[in-house]
Amino acid sequence: MDIKTVGVVGAGTMGQGIAQIFVCAGFGVLLVDLSDATLKNAVESIGIGLDRLVKKDKLTIAAKQDALSRIATSADYARLGTVDFVIEAATENLDAKLRILRQIAEAARDDVVMASNTSSISITRLAAAVPNPARFVGMHFFNPVPVLPLVEIVRGLQTGKETVETVRDLTDALGRTPIVVNSSPGFVVNRLLVPMINEAFCLLAEGVASAEEIDAGMKLGANHPIGPLALADMVGLDVCLAVMDIFHADFGDPKYRASPLLREMVSAGYQGRKSSRGVYDYKSGHA
């Protein structure tokens, strides 16, 4: 399939990162969200991300301007009728995603592959909500998208072989590394990672060690580049909690019960870096 323009629905952290790597790879991007203000902030954030690449001599100023020129924005889903591929990157909530995917399906051409960037929700369940489920697939990027090279290509029960190959080729064109997995809660990476993060919250709540010590233990003892609690702050505590709740509901196994401390911190509005307060206070620099 000849893909030149990509629709990215959702202009949050993940949508911004996805849009950035697409325009850097030469694709046109239509970024869609509910408000012009959100979209304006998203484009500004992408510009800041590109500036970082310029400072590291990974991008020229001319290439940065060229990349930004390939971004169009709209709060109107009907504009998605002009794109060759659509990826949904909205909040990790089943009802919200189903609503958004139905709106995308109404606007997009029949031959367009639709993808979701969900980190844990069943691709089979999401595919059932669109008119052509064989052309629906998971395309799971990791945060921060411009830095991490992995993409999980997730096959739902209905996903066609050609759809998987289309997304594999697209992932290659982005300079990313794909792994193909079957739809299961959390897929591969988050199935392993988020329960580990949750257990770190249990250790913290029990007073086994401080946040700094827990993170140092996994960095120095397991060769992880970042500790699990600092990683939770980067991912978003609200996202970690949502994933654990999905695991608990879908598997029905008590081992996936979310840490009460994690739930309490999310209730307090401590979402991590994006709210300047999570396990660590990013205004003061302390846990």
Cluster check [X], [Y]: I/L/V/M/F/W/Y, side chain < 4.5 angstrom:
X	Y	value
L59	I61	yes
L34	L39	no
M114	L157	no

Counting C-beta onward and ignoring hydrogens, is there a side-chain heavy-atom pair between [X] and [Y] closer than 4.5 Å?
X	Y	answer
L237	L262	yes
T163	F136	no
S116	I87	no
D84	D2	no
E44	K40	yes
I3	T166	yes
I100	Y77	yes
M139	I18	no

Hey, can you tell me if F85 and F22 have their rings parallel, tilted or perpendicular (30° and 60° cut-offs)? tilted
Fit a plane to each ring of Y282 and Y280, take the angle between them on a 0 to 90° scale, and name the class: parallel (under 30°), tilted (30 to 60°) or perpendicular (over 60°).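 The rings of Y282 and Y280 stand perpendicular, inter-plane angle above 60°.
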Return the set of residues passing side-chain contact (heavy atoms from CB on, under 4.5 Å) with P144 (not counting sequence neighbours), or none when no residue passes.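 P144 satisfies side-chain contact (heavy atoms from CB on, under 4.5 Å) with P146, V147, L148, M234 once adjacent residues are dropped.
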Check the pair N198 / F247 against side chain to side chain contact (heavy atoms under 4.5 Å, CB included), numbers first and verdict last. CA-CA 12 Å; N198 188 64; F247 287 174; over 6 Å; no
Side chain of [X], backbone of [Y]: donor and acceptor closer than 3.5 Å?
X	Y	answer
Q158	A134	no
K97	A90	yes
D215	L229	yes
N143	V235	no

Might you point out which heavy atoms bring [X] and [Y] nearest each other, and give the distance in Å?
X	Y	answer
S183	G156	CB-CA, 4.1 Å
P131	A105	CD-CB, 3.5 Å
L204	S210	CD1-C, 4.0 Å
V54	T60	CG2-O, 4.0 Å
A129	L98	CB-CD2, 3.6 Å
P195	N190	CD-O, 3.4 Å

Carboxylate-amine/guanidinium contact R70 D66, below 4.0 Å: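 Salt bridge between R70 and D66, a charged N being under 4.0 Å from a carboxylate O: yes.
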Going through the distances and angles, do V145 and Q20 end up as a side chain to side chain contact (heavy atoms under 4.5 Å, CB included)? CA-CA 8 Å; V145 178; Q20 179 177 320; over 6 Å; no
Counting only heavy atoms not in [X], do more than 12 fall under 6.0 Å of its [atom1]?
X	atom1	result
E162	CD	no
N223	CG	no
D36	CG	no
K219	NZ	no
L192	CG	yes
F142	CZ	yes

[atom1]/[X] to [atom2]/[Y] distance, rounded to the nearest 0.5 angstrom?
X	Y	atom1	atom2	answer
R168	I179	CZ	CD1	11.0 Å
N41	Q16	CG	CD	8.5 Å
F141	T171	CZ	OG1	6.0 Å
Q271	D233	CD	CG	11.0 Å
L53	I48	CG	CD1	12.5 Å
T73	L30	OG1	CG	8.0 Å

If you apply the rule side chain to side chain contact (heavy atoms under 4.5 Å, CB included), what do you find for V279 with M265, and how did you get there? CA-CA 8 Å; V279 176; M265 293 181 75; 4.3 Å; yes
Distance only, no hydrogens: is a donor on one side chain within 3.5 Å (strictly under) of an acceptor on the other, for Y256 and R191?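 Yes, R191 and Y256 have a side-chain donor paired with an acceptor closer than 3.5 Å.
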Apply side chain to side chain contact (heavy atoms under 4.5 Å, CB included) to N132 and D110, showing your working. CA-CA 8 Å; N132 192 347; D110 291 340; over 6 Å; no
Salt bridge (Lys or Arg N to Asp or Glu O under 4.0 Å) partners of residues 248-264, not counting sequence neighbours, each pair once: D245-R263
Which of these, E92, H140, E152, sits in a side-chain hydrogen bond (donor to acceptor under 3.5 Å, both in side chains) with S119? E92
